[in-house]
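A short write-up of the structure that comes next.
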Amino acid sequence: MFWVAALMAMATHMGTAIAREDSEILVLSRQSLLELRHEDIHLFALLMMNIAREIARRLKLTDDILLNYVHGHKGV
């Protein structure tokens, strides 16, 4: 999900999703994040830290997948 990186970068991003069951969504606009930063800097920092942690987890997974692919296709 690329929205995570877009949220951290405060960049514009559109996405489409299909829910398998009844769901609720939360929309975090750039303006909402900026307001949160001014209203509750500690909550904003916690949110950004968790987003960064998720990006790092996904980046490591991608690195692992790419390394496995490279090691499996050396002689090809």
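Along the sequence shown, the residues carry numbers beginning at 1.
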Would a distance-only check, ignoring hydrogens and angles, find a side-chain to backbone donor-acceptor pair under 3.5 Å from Thr62 to Arg58? yes
With rounding to the nearest 0.5 angstrom, report the CD1 to CG distance, Ile55 to Asn50. 11.0 Å
What is the distance from atom CD of Glu39 to atom CZ of Phe44, rounded to the nearest 0.5 Å? 12.0 Å
As a quick check of understanding, evaluate side-chain contact (heavy atoms from CB on, under 4.5 Å) for Leu33 and Arg37, giving each step before the final call. CA-CA 6 Å; Leu33 285 174; Arg37 188 181 75 191; over 6 Å; no
Measuring from atom CG of Leu59 to atom CD of Glu54, what distance do you get when rounded to the nearest 0.5 angstrom? 11.5 Å
Output for pair (Leu36 CG, His42 NE2), nearest 0.5 Å, gives 11.5 Å
Atom pair CG (Leu46) and CD1 (Ile41), whose distance is rounded to the nearest 0.5 Å: 11.5 Å
